[in-house]
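Predicted, not measured: the structure shown is a model, and the values here were computed from it. This chain uses plain numbering: 1 for the first residue, then up along the sequence.
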Amino acid sequence: MSVPPSETAIPEMPPGPADGPGRESAGRERRDKLRRFLSDWQGVTGLALVVLFFASAILAPWLAPYDPNAMDIPARMSGPSLAHLAGTDQLGRDTFSRVLHGGRVALYIASIGVSVSLVLGLVLGMVAGFGPRWLDSLLLLVFDAVRSFPAIILALATVALTGPSLGVVLAIVIVTTIPSYARVARTATMALRHTEFILAERSLGASTPRILLHHVMPNVIGPLLILAAMEVPVVVSIEAGLSFLGIGVLPPRSSWGTILNEGYLVIRDAPWMVVAGGIPLILTTLGFTFLGEALRDIFDPRMGRER
């Protein structure tokens, strides 16, 4: 006689006592962090400004009322109006459209520069913190040498050899910002190097690359992401500064730095160009700074501000 399936089926085991409370505790912690973030006016303001920066840069071709390089000589040096919200420049180009497209250049430099610097800094920092002492000393020497070298001097020397271009700006941004991420990653790696779970992995025969990839990196990446949020305005300012000096993005390509440069030449007759080029830099800097500080306060309370 066949036995009914209900009698042969293995009953489903209820979750262990540690599983349910563990998940509930993790969910409660996430909700608490979200509540703390939403109650921080600086964090919410920073997030709104960051979203505005990304949205305006990505949607610039659709938001810009004119072609950023289209010239209208009869309308040159016109003040702000309904037709031209931020006025026009010396060639009659719409300043508001050029500001929006300049945000695309800033986003391009910031996204690629910060991403590459973060990855390289993470790898070099973990190698320095987990490797032998001589390698750590050598990498620290390189980091200090790069940080002590002024970015402007490095840019001038590079441009003298290769000529100004967007690629040169990107290379300078990456080289000058790697040490910041590498030092943070090195410090965090050295703090983890002699912990019990790392020593246990070593005793079980785990290779160094496996330990770094599966155990060190997940504990190091968090502070680096917070640092990346605070480094974005630095990268944007570097690009704008180099473009302002004429060794970054070249005309007719729009950049906040070139807009400031062109506006500075006619600041007495058309001050709106300097204002239009400076406001995005100020808002972007405030947005990422506020957001980075709010995230730091939530995920690393030891470094947070006193409430």
Single-linkage hydrophobic cluster [X]~[Y], side-chain heavy atoms < 4.5 angstrom:
X    : Y    : result
V99  : L52  : no
M230 : I178 : no
I259 : L250 : no
L118 : Y108 : yes
V116 : L124 : yes

Are any of the side-chain heavy atoms of [X] and [Y] separated by less than 4.5 Å?
X    : Y    : result
H101 : S255 : no
S243 : W256 : no
L49  : T284 : no
F143 : L140 : yes

Check for a donor-acceptor pair, side chain of [X] on one end and backbone N or O of [Y] on the other, with a separation under 3.5 Å.
X    : Y    : result
T258 : S254 : no
S203 : A200 : yes
R76  : R93  : no

*Scan side-chain atoms only and decide if T289 and E293 contain a donor-acceptor pair under the 3.5 Å cut-off.*
no
*Evaluate side chain to side chain contact (heavy atoms under 4.5 Å, CB included) for V236 paired with I109, printing each intermediate quantity in order.*
CA-CA 7 Å; V236 173; I109 294 293; over 6 Å; no
So, taking the atom named [atom1] in [X] and the one named [atom2] in [Y], what distance separates them when rounded to the nearest 0.5 Å?
X    : Y    : atom1 : atom2 : answer
H215 : N219 : NE2   : CG    : 10.0 Å
L225 : E231 : CG    : CD    : 13.0 Å
D89  : H84  : CG    : NE2   : 10.5 Å
L100 : T95  : CG    : OG1   : 11.0 Å
S180 : L224 : OG    : CG    : 10.5 Å
I153 : T158 : CD1   : OG1   : 11.0 Å

_Test side chain to side chain contact (heavy atoms under 4.5 Å, CB included) on E262 and R98; report intermediate values, then the result._
CA-CA 12 Å; E262 295 165 356; R98 291 182 61 77; 3.9 Å; yes
Per-pair distances, 0.1 Å, donor-acceptor, side chain in residues 265-279, under 3.5 Å, sequence neighbours excluded:
unit_1 : atom_1 : unit_2 : atom_2 : d
W272   : NE1    : S78    : O      : 3.4
W272   : NE1    : T88    : O      : 3.3

Between [X] and [Y], which heavy-atom pair has the shortest distance, and what is it?
X    : Y    : value
M71  : L91  : CB-O, 3.3 Å
G113 : V173 : CA-CG1, 4.2 Å
S237 : T285 : OG-OG1, 4.4 Å
A185 : G121 : CB-O, 4.0 Å
L122 : V220 : CD1-CG1, 3.8 Å
F53  : G103 : CE1-O, 4.1 Å

*Using a strict 4.0 Å threshold on nitrogen-to-oxygen distance, state whether R35 and D40 make a salt bridge.*
no
_For the OH atom on Y66, are there more than 12 heavy atoms of other groups (residues, nucleotides or ligands in this structure) within a distance under 6.0 Å?_
yes
*Which pairs, with at least one residue in residues 111-139 and sequence neighbours excluded, count as a side-chain hydrogen bond (donor to acceptor under 3.5 Å, both in side chains)?*
S117-T177, D136-R186
*Which is it for L212 and F130 under the side chain to side chain contact (heavy atoms under 4.5 Å, CB included) test, yes or no, and what are the steps along the way?*
CA-CA 8 Å; L212 292 177; F130 211 81; 3.7 Å; yes
*asked:* Assess the residue pair V50 and F54 against the criterion (side chain to side chain contact (heavy atoms under 4.5 Å, CB included)); give the C-alpha distance rounded to whole Å, side-chain angles, the decisive distance to 0.1 Å, and a yes or no.
replied: CA-CA 6 Å; V50 168; F54 277 95; 3.5 Å; yes
